[in-house]
Amino acid sequence: MKSSMWRGLACGLALLAATMAPASAAGPNLVASTDKLGYTLTLDRYNTLADAQAAGAPVAQFVLGAVDPGFPVHDGALYLVNDVPGVSANYNILMSAWYYTIDPGHGPYSGWGNPSNTNTGFVQLYDDDSSTISSLAGGWTDTSYDTFVLNLSGANAGAADYARLWYGGIGGAGELTRGTFIEYALDMTFSGITGAALDPGLGLVVSNDHPGSVSGTFSGIFENQSATNPSLNGFYRFSAAFSDSSWAYAQAGALNGAFNPSMFAAAAVVPEPGAAHLLLLAAATGAGWLWRVRRAR
């Protein structure tokens with residue numbers, strides 16, 4: 001009994017010390033992963049970076065729902081890990097969840113029949129080692145552990161990071177969407193999470209529950225650098241809005257392959273006396289399904 005008590009006390013003190021310590025450049029450990037995610041997307045096209053940064057009148061505007069009325073909300077996937085050895089190395093992945101399928105005639109995760117398996121509205125941010133992230137914060141908002149927030153910004157995620165963003169047309173080869181995220185910002189709130197508990201091995205409060213609701217935005221400036229169609233080159237100021245809408249998740253048992261579980265993990269919220277019960281934790285990311293990342297063809 002005594003040894004268990006002291007181990008528990010030591011674990012608690014270590015967790016408290018880690019929570020109250022100043023954040024390092026890399027930030028505290030964090031996991032935010034879910035495929036129960038949908039997004040709408042608007043693009044404003046500019047001829048120069050200065051014009052895009054000034055956010056004046058664009059030379060053209062494209063709205064996903066106007067271009068593809070039959071499927072205005074596309075499926076998304078997020079996988080962010082910051083130095084959690086028991087989970088994965090660092091990655092920074094936000095992308096279209098194109099790989100789920102209900103077609104038994106093709107292999108699982110082949111994307112056949114998935115309306116998100118198209119270059120119309122396609123998004124892919126993947127920088128592998130989180131090197132394009134300039135600031136990152138997130139974690140459980142209070143000790144009920146039912147709400148998780150994530151805020152990050154970054155720059156210059158390009159060809160080496162397999163960066164892709166829809167150019168405003170319909171379909172076409174993946175190479176048409178190639179380019180660089182000159183700047184980007186991701187702000188998300190996941191609510192309605194249940195089942196969070198301290199994982200002694202990770203030292204983090206972990207939940208594998210899907211979020212009940214998702215809100216937030218992904219915004220920034222993307223430079224299209226297509227070599228096969230230079231007429232698409234330009235600077236696209238983009239804005240995506242998130243929800244928990246997911247075509248794949250709605251298919252339930254019809255999917256040819258399991259739907260990925262969600263995972264949210266961060267240090268326990270330990271509010272200081274008299275302080276607000278809100279703790280934002282810094283991070284950077286990772287994933288075990290890199291084969292799903294689509295290279296520009």
Side-chain angles (χ1 to χ4, degrees), residues 15 19 28-41 71-82 84 87-88 91-97 99-100 114-116 123 125 136-152 185-199 202-219 239-255 257-271 276-283 285-289:
L15 184 59
T19 304
N29 296 355
L30 176 76
V31 179
S33 172
T34 186
D35 284 2
K36 191 186 178 190
L37 183 64
Y39 64 87
T40 58
L41 185 61
F71 197 63
V73 181
H74 279 215
D75 286 8
L78 172 72
Y79 195 93
L80 181 72
V81 180
N82 177 55
V84 183
V87 177
S88 182
Y91 296 99
N92 179 24
I93 296 177
L94 175 69
M95 62 184 290
S96 298
Y99 34 83
Y100 292 109
N114 186 330
S116 290
V123 173
L125 171 67
L136 181 52
W140 301 107
T141 60
D142 58 49
T143 53
S144 64
Y145 304 119
D146 61 2
T147 301
F148 197 97
V149 296
L150 183 64
N151 310 99
L152 68 86
L186 180 67
D187 299 285
M188 304 184 74
T189 298
F190 307 92
S191 303
I193 301 170
T194 60
L198 180 64
D199 184 317
L202 299 179
L204 305 174
V205 174
V206 178
S207 174
N208 295 113
D209 185 37
H210 293 303
S213 66
V214 181
S215 62
T217 60
F218 178 55
S219 59
S239 178
F242 294 115
S243 69
D244 67 337
S245 175
S246 167
W247 172 88
Y249 184 80
Q251 304 311 306
L255 283 180
F259 190 83
N260 276 340
S262 296
M263 181 178 183
F264 300 94
V269 177
V270 185
H277 291 196
L278 175 64
L279 184 63
L280 296 180
L281 312 171
T285 60
W289 33 259

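In this chain, numbering begins with 1 at the start of the sequence shown. Small disclaimer: the values here were computed from a predicted structure and weren't measured.
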Name each donor-acceptor pair under 3.5 Å that joins a side chain in residues 208-217 to protein atoms two or more places apart or in another chain, with its distance.
unit_1 : atom_1 : unit_2 : atom_2 : d
N208   : ND2    : S262   : O      : 3.4
D209   : OD2    : T194   : N      : 2.9
D209   : OD2    : T194   : OG1    : 2.9
H210   : ND1    : S262   : OG     : 2.7

Verdict with reasoning, L94 to Y39, per side chain to side chain contact (heavy atoms under 4.5 Å, CB included): CA-CA 11 Å; L94 175 69; Y39 64 87; over 6 Å; no
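- One distance of note links CG of L78 with CD1 of I93; it measures 9.0 Å at 0.5 Å rounding.
- Residues T147 and D142 fail the side-chain proximity criterion, which asks for heavy atoms closer than 4.5 Å.
- L37 contributes atom CG, which lies 8.5 Å from atom CG of D75 (distance to the nearest 0.5 angstrom).
- The side-chain hydrogen bond (donor to acceptor under 3.5 Å, both in side chains) check on D187 picks up N151, with sequence neighbours excluded.
- Considering all non-hydrogen atoms of both residues, L198 and G203 come closest at CD1-C, 3.9 Å.
- How far OG of S239 is from CZ of F218: 10.0 Å, rounded to the nearest 0.5 Å.
- Among all heavy-atom pairs drawn from S243 and V73, the shortest one is OG-CG1, 4.4 Å.
- Not one N or O on the side chain of W247 forms a donor-acceptor pair closer than 3.5 Å with the backbone of P115.
- In this structure, the separation between CG on N114 and CZ on F71 is 6.5 Å, given to the nearest 0.5 Å.
- By the side-chain hydrogen bond (donor to acceptor under 3.5 Å, both in side chains) test, S246 is found to be paired with no residue, residues two or more places apart in sequence or in another chain being considered.
- Taking 4.5 Å as the limit, some side-chain heavy atom of T34 sits within range of a side-chain heavy atom of F264.
- The side-chain heavy atoms of V205 and F148, taken from C-beta on, include no pair separated by under 4.5 Å.
- Note that the CG atom of L150 and the CZ atom of F190 stand 6.0 Å from one another [nearest 0.5 Å].
- No hydrogens or angles considered: a donor-acceptor pair under 3.5 Å links the side chains of D35 and Y99.
- At distances below 3.5 Å, not a single donor-acceptor pair connects side-chain atoms of Y145 with backbone N or O atoms of A268.
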For T189 and T141, run side chain to side chain contact (heavy atoms under 4.5 Å, CB included): C-alpha distance rounded to whole Å, both residues' side-chain angles, the deciding distance at 0.1 Å, then the answer. CA-CA 10 Å; T189 298; T141 60; over 6 Å; no
Might you work through the side chain to side chain contact (heavy atoms under 4.5 Å, CB included) test for W140 and I193, ending with a clear yes or no? CA-CA 10 Å; W140 301 107; I193 301 170; 4.1 Å; yes
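- From Y100, atom OH reaches atom CZ of F259 across 4.5 Å, with rounding to the nearest 0.5 Å.
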